[in-house]
Protein chains: 2
Amino acid sequence: MKLTSKGRYAVMALVDLARFDNINPVSLRDISLRQGISLDYLEQIFSKLKKDQIVKSIRGTQGGYVLSKKPNEIKLTNIFHAVDEKVKTVQCKKESKKGCNGKATKCVTHNLWDELETHINTFFEKKSLEDLLKNNTEQRA
Amino acid sequence: MKLTSKGRYAVMALVDLARFDNINPVSLRDISLRQGISLDYLEQIFSKLKKDQIVKSIRGTQGGYVLSKKPNEIKLTNIFHAVDEKVKTVQCKKESKKGCNGKATKCVTHNLWDELETHINTFFEKKSLEDLLKNNTEQRA
DNA sequence: ACTATACTTGACCAATTTAGTCAGGTATGT
DNA sequence: ACATACCTGACTAAATTGGTCAAGTATAGT
């Protein structure tokens, strides 16, 4: 079970954005250089972030991206959801009321995976961009 | 971030094994039929479980597998470790004392991923096979 | 001794996903 | 007009996944 780079990059880019968008919109080029992420790839990621209204875009020279909410209102869940980074532990194709994969009973580990998914998602729902920013400035001090 | 079927199958198979190995060794064929997992694939998985001494094998007719420890001594961590289902959130190739990927500073989200990894692993370290067995018999009642 | 059962090992493979690249656009401030 | 920077979609190489297939070896029962 691993995180995809799309999810990781999205969070890295947004932390970067949050640190610099107070003055001017931040161009993807800058983020690309600072975070070492390919510009083309960033464009894909930001188009998704924009679709989910996590960022706003400003076109033209001196344009770039800005957060469309406050850092404490942007949770990891929101970011991951935007870039299709989803937590998937259960695979049962067909789940009826009482059974998995058409069987009469729930598969023996079904509850376990549900529990795990909840456990992970709770983590993502609690953490906001602001938390990460704090953590980061503390480190520099 | 998703669980691979190797990890899922390993846990399912071991729960099955734990329920039936009190009387006789359990053959992979039986597990295969009960859990709907391909026999060939189960063989791969059990060879790993055996290597990590989670199960013992008995060859020949009436042979099969048996747990080599008590269910409460087998944690999810042990199972996942055996079948190479590892939790990987951080990707930084080179991490020196203070930096990632050769840079001077830790990447802004490094602590976050570490935290997430710990959060998930804690879950795996707490859960034992016994917990799953209990949960399962409760369900049938 | 023979045979059926069941573990053992390793090679192989198709499909999917991932992590991007590439090649064009379009909008806008100066 | 022109440079900057967003926008969009097609494409692809490499890795991973989720297996299958083939050819063993060990052992219990007859």
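In what follows, chains carry the letters A, B, and so on, assigned in the order in which the sequence lines appear, proteins first and then strands, with residues in each chain numbered from 1. Only this structure's heavy atoms are used, side chains among them; waters, hydrogens and symmetry mates stay out.
Atom P of nucleotide C:dA27 and atom NZ of A:Lys50 are separated by 11 Å, given to the nearest angstrom. Look at CG on A:Leu39: it is 15 Å from C1' on C:dA19, rounded to the nearest Å. Between A:Asn24 atom CG and D:dC6 atom P the separation is 13 Å, expressed in whole Å. The interatomic distance linking B:Lys48 (NZ) with C:dC7 (P) rounds to 18 Å, in whole Å.
Looking at heavy-atom distances under 4.0 Å, B:Val55 makes no contact with the nucleic acid at all. The residue B:Phe46 sits apart from the nucleic acid: no heavy atom pair falls under 4.0 Å. Among the atoms of the strands shown, only primed sugar atoms or phosphate atoms (P, OP1, OP2) are found under 4.0 Å from some heavy atom of A:Ser57. Among the atoms of the strands shown, only primed sugar atoms or phosphate atoms (P, OP1, OP2) are found under 4.0 Å from some heavy atom of B:Ser27.
Checking D:dT20, C:dT8, D:dG18 against the side-chain heavy atoms of B:Gln44 singles out D:dT20 as nearest.
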Could you go through nucleotides 23-27 of chain D and list every protein N or O atom that sits under 3.5 Å from one of its N or O atoms, giving the distance for each pair?
residue: D:dA26; atom: O4'; partner: B:Arg59; partner atom: NH1; Å: 2.2

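A salt bridge is defined here as a Lys NZ or Arg NE, NH1 or NH2 lying under 4.0 Å from an Asp or Glu carboxylate O, and B:Lys48 with B:Asp84 meets this definition. Look at B:Lys127 and A:Glu115 and you find a salt bridge, because one of the NZ, NE, NH1 or NH2 atoms lies within 4.0 Å of a carboxylate O, short of that distance.
Put simply, B:Tyr41 has no side-chain N or O that comes within less than 4.0 Å of OP1 or OP2 on D:dC21. The phosphate of D:dG19 has neither OP1 nor OP2 within less than 4.0 Å of any side-chain N or O from B:Ser38. Distances shorter than 4.0 Å separate none of the side-chain N or O atoms of B:Lys6 from OP1 or OP2 on D:dG18. The shortest distance between the side-chain N/O atoms of B:Tyr9 and the OP1/OP2 oxygens of D:dG19 is below 4.0 Å.
Looking only at atom types and distance, the side chain of B:Glu117 has a donor-acceptor partner in the side chain of B:Thr89 under 3.5 Å away. Side-chain contact, B:Ser128 with B:Lys75: no donor N or O sits under 3.5 Å from an acceptor N or O.
Applying the ring-ring contact (aromatic ring centres under 6.0 Å, His included) test to residues at least two apart or on different chains, the pairs with a partner in residues 49-69 of chain A are A:Phe46-A:Tyr65.
The side-chain contact (heavy atoms from CB on, under 4.5 Å) check on B:Lys56 picks up B:Ser68, with sequence neighbours excluded. The side-chain contact (heavy atoms from CB on, under 4.5 Å) test applied to A:Pro25 returns A:Ile58, A:Val66, not counting sequence neighbours. Residues that satisfy the side-chain contact (heavy atoms from CB on, under 4.5 Å) test with B:Lys2, not counting sequence neighbours, are A:Lys88.
Positionally, the nearest nucleotide of DNA chain D for A:Ile58 lies more toward the 5' end than for the other of A:Ile58 and A:Met1. For the pair B:Arg29 and B:Lys2, both in contact range of DNA chain C, the more 5′-proximal nearest nucleotide belongs to B:Arg29.
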Practice problem: Show the numbers, then the answer: is there a side-chain contact (heavy atoms from CB on, under 4.5 Å) between A:Lys70 and A:Glu130? | Solution: CA-CA 8 Å; A:Lys70 289 175 195 163; A:Glu130 193 179 39; over 6 Å; no
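Using a 30° and 60° split on the angle between ring planes, A:Phe124 and A:Phe80 fall in the perpendicular class, above 60°.
Residues from residues 78-89 of chain B placing a heavy atom under 4.0 Å of any atom in DNA chain D do not occur.
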